[in-house]
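Worksheet for the structure shown next.
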Amino acid sequence: MSDFAATLGGIFSNPNFYFTVLSTTVPILLATLGCAIAENAGSTNMAEEGIMILAAFFGVIGAAYTGSVWIGLLVAVVVGAVMGLMIAYFALYLKVDIILVGIAVNLIGSGLSAFLMYVITGDRSATTSLHSGTLPTISIPGLSDIPFIGTIISNQSVLAWIAYLAIPVMSFLLYKTKLGLRIRSVGENPDAASSVGVSVNRTKMAALVISGILGGLAGAYLSMSYLPYFSKGMSGGRGYIALAATAMANNTPVGSFGTSLLFGFFYALSTYSSTLGIPDQLVTTLPYVATLVGLVIFAINVQRKERKMLHESGGGHSSKAQQVADASEA
Amino acid sequence: MSDDDFLKLEHITKVYDNGIMANDDVNFSTRKGEIHAICGENGAGKSTLMKQLYGVEQPNEGRIIIKGQEVKLTSPQVAIANGIGMVFQHFMLVPSLSVAENITLGIEPTTGLKFDTKKAAEITKSVSDKYGFDIDPAARIRDLTVGVKQKVEILKALVRGAEILILDEPTAVLTPQETSELFVQLRALREAGHTIIFISHKLGEVKSLCDRVTVIRRGHTVGTYNVKDVSESDISRLMVGVNVESKVPKGKANPGPAYLVAKDLELFDLNGKRVVNDISFTVRSGEIVGIAGVEGNGQEPLVNAITGFSGGGSGTLSMGGFDIRSMSIHELREKGLAYIPEDRMSTGASGTLSICENMIADKVDWKRYNKGLLLNQPVIKEDTDKWIKDYDVLCDGGNQKVGMLSGGNIQKVLVARELTGLAKLIVCDQPTRGIDVGATDSIRRRLVNMRDSGSAILLISADLGEILNLSDRLIVLFEGEIVAYFPDVSKVTEEELGYYMLGVKRMSAGQIEGAYSVQ
Amino acid sequence: MSNKSSKGIAERLRSISVQTRHEILRMAVAIAIGLGIAVVLIVLTAKDPESALTYFVGAPFMSLSYFSHMIEVIIPLLMSGAAVCIMFSANQFNLGLEGTIYLGGLVAALSGIYLVPNLPVLGPIFSILLGGLVGFFIIAIPALLQYKFKANIVVSTLMMNYICLYVGLYFLFDVFKDPASSQHTYPIGSDAGLAVLIPGTKIHAGLFLAVAVVIFAYVLLYKTKLGLSIRTVGQNPKFAKYVGLSVSGLALVSQFIGGVIGGMTGAVQMLGLYQRFEWTSLTGYGWDGVTMAIFAHNNPKYLPFAAIFLAYFRTGAWVMSFKAGVQIDLVSVFEGVMVLFIMAEKFLSGTYRKMIFADADRKRKERNAAKGGEAA
């Protein structure tokens with residue numbers, strides 16, 4: 001056991017471990033922020049999985065055929081935005097249940113990317129033959145010299161910087177701008193928003209497009225930073241994880257950072273698990289179990305808050321109002 | 001106060017998609033700077049009229065003229081642009097946002113990319129100060145009391161430049177203190193030149209606050225009067241009017257022991273507000289007890305409590321000797337509860353299920369309908385066909401989806417289901433609202449038949465003709481209390497009933513005591 | 001009242017409600033769009049579009065092995081489709097079948113290796129039931145978390161799928177791996193697998209079970225009081241509460257049944273087609289179940305049609321992939337597009353309004369014509 005503790009200590013004192021944590025967190029974080037903004041507008045975006053894989057694929061294709069990873073990135077972002085629009089169209093205007101839209105888009109995304117990969121490259125599993133390249137990494141001269149921390153943050157992809165910057169940007173967007181105000185109103189009380197002339201569908205559509213763009217960035221990171229090529233099924237369920245991370249973070253950008261970091265941490269840990277002598281699969285299970293627990297805690301909290309609100313507004317008759325509430329739940 | 005053309009609604013006719021004519025050639029006009037009440041029974045067409053004025057609904061015929069200009073109010077935005085604001089009964093607010101954010105939603109002040117919180121607060125503050133509303137712009141809506149939320153709603157309209165303010169039963173949710181505070185502010189608004197359209201049943205409030213009153217009855221305008229020229233009783237009489245429907249024949253009741261017993265019953269809403277206040281009454285087997293009253297005076301919580309939809313409260317509530325509040329809906333139904341709910345499409349029936357499935361939804365446990373592990377389809381079919389015939393449901397057969405039927409036929413299916421169960425106690429909430437004359441007549445006859453075969457029936461209805469025709473005994477609810485009790489309904493007139501329903505008159509405690517009759 | 005026997009076909013057709021007719025039209029157009037997109041993609045990308053299309057459209061009838069492949073594909077489609085139909089009928093968006101299928105398959109394989117390797121007939125049945133039991137326990141977790149705490153069922157079941165996968169992978173790699181291999185278990189016993197029905201094909205006895213499960217699901221949902229109650233809850237929970245049904249309890253029951261079928265699906269798939277447990281990722285049959293339920297409008301009666309339809313084109317795409325070099329993943333695109341259009345409430349809504357108006361108009365004319373005879 002002391003061996004185990006020593007190895008674990010070794011991992012935790014190694015800055016490379018934290019470098020891995022930060023880089024594995026990036027795609028989850030981007031997708032989680034995407035789910036969060038859609039969720040704030042009252043739309044559950046289950047399609048990040050499909051958006052990510054399509055963006056990852058088209059990004060690589062764009063980069064390979066233009067010779068510029070930047071154009072590849074742009075292509076990925078545009079694909080994400082278009083997918084967001086498509087989801088909005090089907091969910092809001094054709095009235096398909098948004099969960100089913102998500103399922104369908106994921107199906108289309110995984111199928112289309114694999115299908116076109118073979119058509120375009122002749123490869124069945126990965127686009128290694130394309131040499132599409134990776135986005136540059138950034139190391140800031142002063143910062144990279146700091147011991148320990150320097151190693152963690154230096155040479156992270158430019159998209160990692162964008163992802164972490166996206167946290168305050170999303171916070172600003174949601175809580176400080178007109179669009180954010182409208183997104184939150186539409187999510188919370190669409191009748192209130194439409195009664196003062198805020199178009200519910202258009203606002204939701206804006207949120208879904210932003211959500212798509214974030215998914216596009218996540219996809220670009222996967223195929224143009226994390227790995228230098230596209231491989232079949234490379235989104236690997238991160239879109240679903242993002243949905244869970246959002247729910248656990250109560251849809252806030254800062255909370256999303258926390259919950260996606262949790263996943264990133266365990267992902268990174270699982271790559272070290274062989275040295276620890278514990279099965280990596282079980283380590284990988286931990287964030288999912290944590291999410292289940294988190295969901296329950298979150299749900300209990302919501303219920304308690306509702307009760308508390310009743311209690312407070314109930315004034316003198318609070319106990320009776322409480323009974324009423326309890327009875328109506330049963 | 002001379003400009004009678006400030007706002008004019010001429011010959012407004014509105015027919016809903018389900019064929020109900022809610023407004024039939026309604027005329028209405030207000031002056032600048034007056035508080036104008038609109039009074040009418042439930043379903044008279046007040047809300048429909050106001051929805052058209054706020055652009056939520058569009059009239060089929062007629063014109064809306066504001067300051068001499070005919071306008072087409074195609075959406076709330078257009079109405080807002082024409083200086084109309086509306087405060088709905090259910091607040092249109094976003095609970096997690098601040099007062100200032102709610103007020104400026106849709107017309108947000110910005111600096112650069114940023115929503116300008118300071119400016120929004122200033123806007124809120126300035127308009128709130130201007131009209132003497134004392135409101136903290138930074139407060140979260142969810143932390144506010146109902147009264148303050150309503151002020152926010154009014155400010156929302158004022159910020160958007162509303163000159164005409166529609167208030168839909170604004171005092172229904174307020175305490176007396178909040179009500180009087182609201183009235184002070186409404187009078188101040190009138191002084192500032194605003195026109196206020198005040199929809200209410202509460203005649204006392206109309207008398208004390210309003211300048212003129214327009215009475216609407218069954219989709220028609222009865223007339224517009226100066227409030228100082230008419231008494232509360234006059235308004236009440238104008239609102240209630242006389243029913244022209246034919247009466248269902250009915251013999252003398254032969255009541256047995258008390259089946260439904262409510263004693264010292266108090267009920268509270270989700271906000272903890274007392275909505276039923278210390279009432280005692282019984283319904284005996286073999287009689288129909290009517291509850292008259294303007295909607296929102298405690299009927300809904302009472303019905304919810306009796307039918308097991310919500311618990312809580314204090315006092316006794318029992319059915320056939322069993323404590324209602326300790327039983328589930330399933331158990332209540334097993335003990336003989338039948339319930340015809342007001343909301344027939346979302347509660348009383350499932351539109352996407354077939355007539356057969358709707359008919360036996362409460363009877364799936366019956367031996368008769370199960371054969372081994374399976375449902376006994378032939379018997380279900382046979383019974384459903386019989387009921388369809390008995391209750392004269394116009395349909396293509398038992399497998400048709402209920403949602404495809406007309407309102408009256410859906411109600412017949414619902415009534416058939418409820419009355420073919422044990423039906424020892426039948427709670428009917430607006431059993432014939434909005435359905436055609438034929439279906440109405442047949443449902444009423446059924447209820448009388450059920451009474452004669454020994455069911456205890458509690459009838460809640462806004463239709464006074466129905467209440468007076470069917471009830472053997474009659475209770476009037478006002479603000480959650482029993483204000484009148486008539487042991488013999490045959491002598492009661494609609495006019496007299498109206499006085500009690502609208503709180504103009506009230507009986508003594510001794511007279512009301514009779515409602516609780518164990519034998 | 002009604003004289004059904006004398007109704008002509010035309011009249012009976014007319015008696016199908018406008019809604020139903022419009023749904024059929026919408027389904028047909030959705031399928032046409034899906035197929036159209038697939039055809040366009042094939043024509044644009046295949047080296048020999050003509051032969052590729054021929055395989056796509058006709059493969060199952062070109063050889064016995066292709067036909068048997070189609071039947072193999074049908075089996076899990078039917079089973080997971082039935083499971084999802086039952087859960088969706090109660091309006092429960094439980095997406096946890098993937099996990100039940102994965103672990104159901106693993107447990108059935110282990111049972112076939114260690115518990116009942118040499119017991120004919122009863123052995124496989126036991127293994128499949130064990131798989132069902134595992135499915136029950138897996139689904140019970142998110143279902144109970146929803147029942148007790150109102151935890152979001154979509155998210156919790158998605159998480160459950162991954163927990164099942166990684167727990168399964170742990171047992172596969174670290175406990176039950178055949179040391180001589182990289183990623184599979186020992187082979188199952190000689191009598192542990194499901195019998196092949198037609199020699200020379202891989203069509204196995206699981207087909208009987210799949211058909212039985214579909215019949216069970218249909219009978220349960222449409223012929224028993226439990227099924228009627230489940231559907232009532234799914235269609236209108238407020239109405240269900242009003243007639244005295246336990247809304248959350250029935251939601252729970254529907255998921256339990258779905259979970260059991262899910263576990264059995266995995267077991268059947270494992271014992272019918274594999275010698276060893278070698279799945280290293282989720283199988284996708286759970287998602288197939290969702291697609292199936294959507295195609296069947298949650299009514300198990302239509303599952304066979306949906307399964308044959310999907311399996312037919314999946315087989316076509318499969319054959320096309322090795323005969324004409326068009327990737328099989330095309331079918332995902334084709335299915336996804338169809339799901340979108342089938343579920344689009346407002347799709348062709350203009351046509352619907354025209355249809356409903358024409359219907360109302362016709363009824364009015366009929367009424368007017370009949371008015372002379374039957375005065376109401």
Side-chain angles (χ1 to χ4, degrees), chain A residues 44 46 50 86 90 93-97 99-120 122 124 232-233 236-237 240-241 243-244 246-248 270 279-292 295-300 302-303 329-330, chain C residues 41 44-46 93 95 141-142 145-146 148-152 154-156 158-175 248 281-282 284 287 290-291 294 321 325-349:
Chain A
T44 301
M46 218 179 95
M86 188 183 125
F90 276 97
Y93 295 95
L94 291 184
K95 304 272 176 220
V96 188
D97 186 293
I99 301 274
L100 297 182
V101 177
I103 293 174
V105 166
N106 294 342
L107 207 54
I108 294 171
S110 71
L112 195 63
S113 59
F115 174 76
L116 290 179
M117 170 162 65
Y118 182 73
V119 169
I120 296 173
R124 282 205 164 85
K232 194 172 168 177
Y240 303 129
I241 290 167
L243 203 62
T246 316
M248 214 163 61
S270 69
D280 58 343
Q281 295 89 10
L282 292 189
V283 178
T284 319
T285 316
L286 289 177
Y288 302 105
V289 176
T291 308
L292 269 190
L295 271 182
V296 171
I297 294 172
F298 175 68
I300 292 173
V302 167
Q303 284 180 28
E329 270 165 28
Chain C
L41 283 175
L44 287 181
T45 62
F93 261 121
L95 303 175
I141 296 170
L145 289 182
Q146 181 197 34
K148 278 228 75 95
F149 305 113
K150 295 184 183 166
N152 185 323
V154 171
V155 176
S156 64
L158 286 173
M159 291 303 99
M160 217 38 221
N161 288 341
Y162 286 103
I163 293 173
C164 290
L165 171 66
Y166 289 112
V167 167
L169 284 177
Y170 162 71
F171 282 110
L172 172 58
F173 288 135
D174 288 27
V175 185
S248 45
S281 63
L282 293 172
W287 294 113
V290 175
T291 309
I294 289 170
S321 73
V326 177
Q327 278 295 85
I328 189 168
D329 305 271
L330 177 71
V331 286
S332 304
V333 180
F334 160 69
E335 288 171 13
V337 168
M338 283 189 295
V339 165
L340 280 180
F341 282 101
I342 288 173
M343 294 310 289
E345 227 173 79
K346 294 278 155 155
F347 180 48
L348 299 175
S349 60

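Just so it is clear, the values below take in all heavy atoms, side chains as well, and ignore hydrogens, waters and symmetry mates.
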Against chain C, label [X] side chain, backbone, both or neither, depending on which of its atoms sit under 4.5 Å from a heavy atom there.
X: A:M46; answer: side chain
X: A:V101; answer: both
X: A:I103; answer: side chain
X: A:L112; answer: both
X: A:F90; answer: side chain
X: A:F298; answer: neither

(message) Is it the case that the side chains of A:N106 and A:Y240 hold a donor-acceptor pair, with the cut-off being a distance below 3.5 Å and no angle test?
(response) yes

How many angstroms lie between [atom1] in [X] and [atom2] in [Y], if you round to the nearest 0.5 Å?
X: C:I163; Y: C:L158; atom1: CD1; atom2: CG; result: 11.0 Å
X: A:I99; Y: C:M343; atom1: CD1; atom2: CE; result: 12.0 Å
X: C:F149; Y: A:L295; atom1: CZ; atom2: CG; result: 12.0 Å

Checking heavy atoms, do the side chain of [X], its backbone, both or neither come under 4.5 Å from chain A?
X: C:V331; value: neither
X: C:F173; value: side chain
X: C:S321; value: backbone
X: C:L95; value: side chain

(request) Could you have a look at C:V339, C:I141, C:T45 and say which one has the most heavy-atom pairs with chain A under 4.5 angstrom? (result) C:T45

(message) Below 4.5 Å, heavy-atom pairs only: which of C:A46, C:G325, C:A151 has the largest tally toward chain A?
(response) C:G325

Can you tell me which of [options] forms the most heavy-atom pairs within a distance under 4.5 Å of chain C?
options: A:T291, A:I300, A:L282; answer: A:L282
options: A:L243, A:D97, A:V283, A:V296; answer: A:V296
options: A:Q281, A:R124, A:M117; answer: A:Q281

Atom pairs and distances, side-chain donor-acceptor, residues 165-172 of chain C, under 3.5 Å, sequence neighbours left out:
none

(message) A side-chain contact here means heavy atoms from C-beta on lying under 4.5 Å apart; do C:V290 and C:F93 qualify?
(response) no

(request) Please tell me if the side chains of A:Y288 and A:I241 come closer than 4.5 Å, counting only heavy atoms from C-beta onward. (result) yes

(request) State, to 0.1 Å, how close C:M160 and C:P142 come at their nearest heavy-atom pair, and which atoms those are. (result) CG-CD, 3.8 Å

(request) Take C:L41 and A:F115 through the test side-chain contact (heavy atoms from CB on, under 4.5 Å) and record every step on the way to the result. (result) CA-CA 10 Å; C:L41 283 175; A:F115 174 76; 4.0 Å; yes

(message) Per the salt bridge (charged side-chain N to carboxylate O under 4.0 Å, His left out) rule, what does the pair list look like for residues 329-341 of chain C, sequence neighbours excluded?
(response) A:K232-C:D329, C:R314-C:E335

